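Quick notes on the structure that follows.
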Amino acid sequence: MKFPQPFIDEVRSAADIVTVISDYVSLRKAGTSYKGLCPFHGEKTPSFNVNRDRGFFHCFGCGVGGDVFKFIELQEQLGFQDAVRHLAQRFGIPIPEMESGDQRDSAAERESLLKIHEVATGYFREQLASAPAARIREYLVKDRGLTDQTVDRLQLGYAPPGRDALRQRLLKAGFAPGLILASGLVSRRDDGSEVDRFRNRLMVPIARDSGSVVAFGGRAMEKDQVPKYLNSPETPIYTKGRTLYGLNLTKADIRKAGFTILVEGYFDFAQVFQAGGLPVVATCGTALTQGQAQQLRRFAPKAVLCYDPDSAGQAAAERSSELLVAEGFDVNVVQLPGGDDPDTFVQKRGREGFVEELRRSKPYLDYLLDRAAAGHDLSRDEPRREFLRKMLGVAARIPDPAARDQFADRLAHKARVTEEVVRAEIRKAAAARKTDLPAARVPTLSGQVRGAERGLLWGLIHQPAEVLPWIRTLEDDDLEGLSSSELLRMARGLSVADPSEAPNVLMERLSTEEAQRLAAIASEASAPVLDAESSVRSLKRLKHERQLAAVQREIDRLQERGERGDDLLALLQRKLELGRRLAPENN
C-alpha cells in the first residue's frame, strides 16, 4: 500500500539520519557534519558525509547520496514504501495498515482526525471569547502575564463545563460518532454514554512541527479539580513521546540561533516565547524521550536545559542531558536563582535577565559531575566506585571521542583516579557499541550541472524560503536542455505550506540518481557564486541564446535556398527581438 503523506512526514521527523546511518557505519563528528567510511564502495579514507541539520548524506568518492529514506533503500535493497516501513518499525511508529476484512482507509481516518482537532481548536477559542470565560481571560492576563497576542499565537481556548458540548459541535459538523471517539476528545463511560474529555479547563492545543493540531492539554480551573493537567490520549495522529510543544512556532528561531532552550511546561514555554525571538520548546511536563531528541536534532545541534529548580526538575535535567548527549547534542544546563521556574523568572526579570542566565549556563559535563559528586562521599572507596560506575556509563554514550577524553579527565580529577585508567575504561565501553561496516556498490554520477543550476539546487536545500519563489518563476522552456531539468521541474511544482519542508518532500520523490545529484550539490561547503536571482536570470538568458541560435540556423537555411519571403522577414524580426532581450541581460 502507499503510505499517506502525514505518516511519511512523521517517520521522517522521528528517523534522525545520523542515528539511522550509525546502525551501519561508524561516524565521527567533523565540523558541522559527520564522516565515515562509505558503505557503498571500498575505501580506506573516509569520504562519506552525513549532514544532520539538512537530513542528507553524500559520498564524495562514489557519488551516492540522498535522504534517510534513500539510504535505507540502497542499504537494504528496498523500495521507497518498504524503506518507510523499515524506519517506522525501527523507531516504534505504528504503521497504518488495512485491518483484516475492513477496507477502512487509514489515511482518510488520519486526515479526518486532523480536521476534528481543527474544529475543536476553533470551538475552544470561541468559548474563551465568550462571557462565561471572563475569569479565564483574567487568569491568563493577571496570573500568567500573557498578552492577547500571545494567547492568539498559542491558540489558547476554554472547554466549558457542559457534559457534551464539543461532541455535539463535532456531530453537527458531520463527523461520525466512532471517529469522534477515536480522536480522544470524547470518552465513553461504563454505562455506554459519551462525554467530553475536557470540561471546565483552559485548553492548550498541541501541534506537530508542521502546525497541525493533534492533541490538547487541559488545565484545571477549580482548586478541587483533578488532575491539575489532563492531556489527550495517544491516537493515530498523536504520540506523546514524539511531540514537542511549541516547535511549530519556534523552529525558525531554533535554526537561526543554532540551539534550543528546553523547558518543561506549557506556561514556561509561553513566557519565554512571549519574551520574543527565543528558540524555546517544551516537553509538556513529561520526561524527554529519544524520539523527541531525534526530532529536535533536525533543527539544531545544541540544547540548553532550563527545568524547574526542585529535585524532580533537576533529576529530569540530568536524565535529559544524558539522553541528548547520546544523540549527539552539545548540552548546557541553566539553574535559575531564587527557586524560580522559567515562567515566574521571566515575569520577574524579563527577557534580558533570562538571556543573562542562559549565558551563565553550565556545560552538561560539569553539571552531571557536580550533581553526582554531591550525592557521594568521594573520600571513601565504595561511594567513589559507585560514582565512577555511574559516570562511566554516561561517558560511554558520548559519541565524540575528544569529548569523551575531556570527560574522562574531569571524572578522574573528581574521583581522584589516574586519568589513563578512566580513559581506558571509557574507550573500552564506547568501542563495544560500534558496528561493522557492510559493503555494496552503486553506480557513480554522470552529467554536468551548470553554475546557475547549482546555485538554485544548493539554495533549495540550505535557503528554501528564499530560493523556492525564484524556482517557481522558471517556465518549461527555461528548463529545456538542462541536466537538472527534471529536478528543477519537480521543485517548481512543490506545494508546501512551510518552505522549510520543501527539501524533504522533494527528496522522497527523486530517483536514486537525482537524489545523488542533489545531495552532491547540497554537500558543497559554501554557496555557489550565483545567488537565486542571478541563477534564474542566467537560465533565462541561456534560453534566449538557444532560441537565437535556432532562429539563426533557420535564417541560414532559408538564405541558402534563396528564399526572401515573409518567413524570412518574420525570422529576422524574431532575431532582432531576441537580440534586444539579450542586450540588458548581458550587461
Side-chain angles (χ1 to χ4, degrees), residues 113-173 175 180 183-187 194-208 211-233 235 237-238 243-250 263 265-276 280-282 284-285 342-344 346-347:
L113 290 175
L114 289 173
K115 290 177 182 176
I116 284 176
H117 281 77
E118 183 179 342
V119 172
T121 302
Y123 170 76
F124 292 139
R125 294 188 72 186
E126 287 175 13
Q127 297 305 307
L128 183 62
S130 67
R135 63 189 180 93
I136 311 298
R137 296 194 298 273
E138 184 179 8
Y139 165 81
L140 290 171
V141 174
K142 292 187 176 180
D143 293 39
R144 291 298 186 176
L146 300 183
T147 65
D148 290 342
Q149 182 182 11
T150 300
V151 170
D152 286 342
R153 291 290 306 280
L154 301 180
Q155 299 188 84
L156 300 182
Y158 173 59
R163 175 185 172 89
D164 66 346
L166 175 61
R167 180 176 180 273
Q168 292 301 324
R169 171 66 70 90
L170 294 172
L171 287 171
K172 187 177 180 181
F175 296 105
I180 295 172
S183 73
L185 297 175
V186 168
S187 302
E194 295 179 0
V195 297
D196 292 349
R197 175 181 294 273
F198 301 102
R199 301 188 300 278
N200 193 24
R201 288 181 179 272
L202 172 65
M203 298 303 294
V204 182
I206 300 169
R208 293 174 177 164
S212 301
V213 175
V214 293
F216 291 93
R219 188 191 189 282
M221 297 311 299
E222 304 294 342
K223 289 183 179 180
D224 58 350
Q225 195 176 359
V226 292
K228 184 176 181 181
Y229 281 96
L230 177 66
N231 293 322
S232 290
T235 69
I237 61 171
Y238 172 59
T243 308
L244 286 162
Y245 178 66
L247 183 58
N248 59 305
L249 297 172
T250 59
V263 299
Y266 301 122
F267 289 101
D268 292 327
F269 173 88
Q271 277 297 334
V272 178
F273 173 70
Q274 183 172 271
V280 60
V281 297
C284 305
D343 177 13
T344 54
V346 173
Q347 289 192 62

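Throughout, numbering of the chain's residues begins at 1 and tracks the sequence. What you see is a predicted model, and the numbers here were worked out from it, not measured in a lab.
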Inset, instruction - Kindly indicate whether the side chain of Arg153, heavy atoms from C-beta on, has any atom under 4.5 Å from the side chain of Phe273. - result: yes
Inset, instruction - Take Leu166 and Arg199, measure what side-chain contact (heavy atoms from CB on, under 4.5 Å) needs, and give me the verdict at the end. - result: CA-CA 9 Å; Leu166 175 61; Arg199 301 188 300 278; over 6 Å; no
Inset, instruction - Would you indicate whether the side-chain heavy atoms of Asp152 and Arg125 approach each other to under 4.5 Å? - result: yes
Inset, instruction - Please examine the side chains of Glu138 and Asp143, heavy atoms only from C-beta on, and report whether any two atoms are closer than 4.5 Å. - result: no
Inset, instruction - May I ask you to test the Tyr158-Asn200 pair for a side-chain heavy-atom distance under 4.5 Å? - result: yes
Legend entry - Stepwise side-chain contact (heavy atoms from CB on, under 4.5 Å) check, Val151 with Arg137: CA-CA 9 Å; Val151 170; Arg137 296 194 298 273; over 6 Å; no
Inset, instruction - Mark yes or no for whether Arg208, through its side chain, and Val214, through its backbone, hold a donor-acceptor pair below 3.5 Å. - result: no
Inset, instruction - Check the pair Gln274, Thr150 against side chain to side chain donor-acceptor pair (under 3.5 Å), reporting the backbone distance first and the verdict last. - result: CA-CA 6 Å; Gln274 183 172 271; Thr150 300; 2.7 Å; yes
Legend entry - Passing candidate, side chain to side chain contact (heavy atoms under 4.5 Å, CB included) with Val281, options Thr250, Val263, Val272, Asn248: Thr250
Inset, instruction - Take Leu154 and Tyr245 through the side-chain contact (heavy atoms from CB on, under 4.5 Å) test and state the conclusion after the steps. - result: CA-CA 10 Å; Leu154 301 180; Tyr245 178 66; 3.9 Å; yes
Legend entry - Beyond-backbone contact of Met203 with Gln127, side-chain heavy atoms, under 4.5 angstrom: no
Inset, instruction - Please tell me if the side chains of Phe267 and Arg219 come closer than 4.5 Å, counting only heavy atoms from C-beta onward. - result: yes
Legend entry - Point-to-point distance, once rounded to the nearest 0.5 Å, from CD1 of Ile206 to CG of Leu247: 13.0 Å
Legend entry - Note, Tyr238 side chain near Ser183 side chain (heavy atom, < 4.5 Å): no
Inset, instruction - For side-chain contact (heavy atoms from CB on, under 4.5 Å), just list the numbers for Val195 and Val186, CA-CA rounded to whole Å, side-chain angles, deciding distance to a tenth of an Å, and then say yes or no. - result: CA-CA 6 Å; Val195 297; Val186 168; over 6 Å; no
Inset, instruction - Name the orientation class of the two ring planes belonging to Phe198 and Phe124 (parallel below 30°, tilted from 30 to 60°, perpendicular beyond 60°). - result: perpendicular
Legend entry - With Asp164 via side-chain contact (heavy atoms from CB on, under 4.5 Å) - residues at least two apart: Arg167, Gln168, Asp196
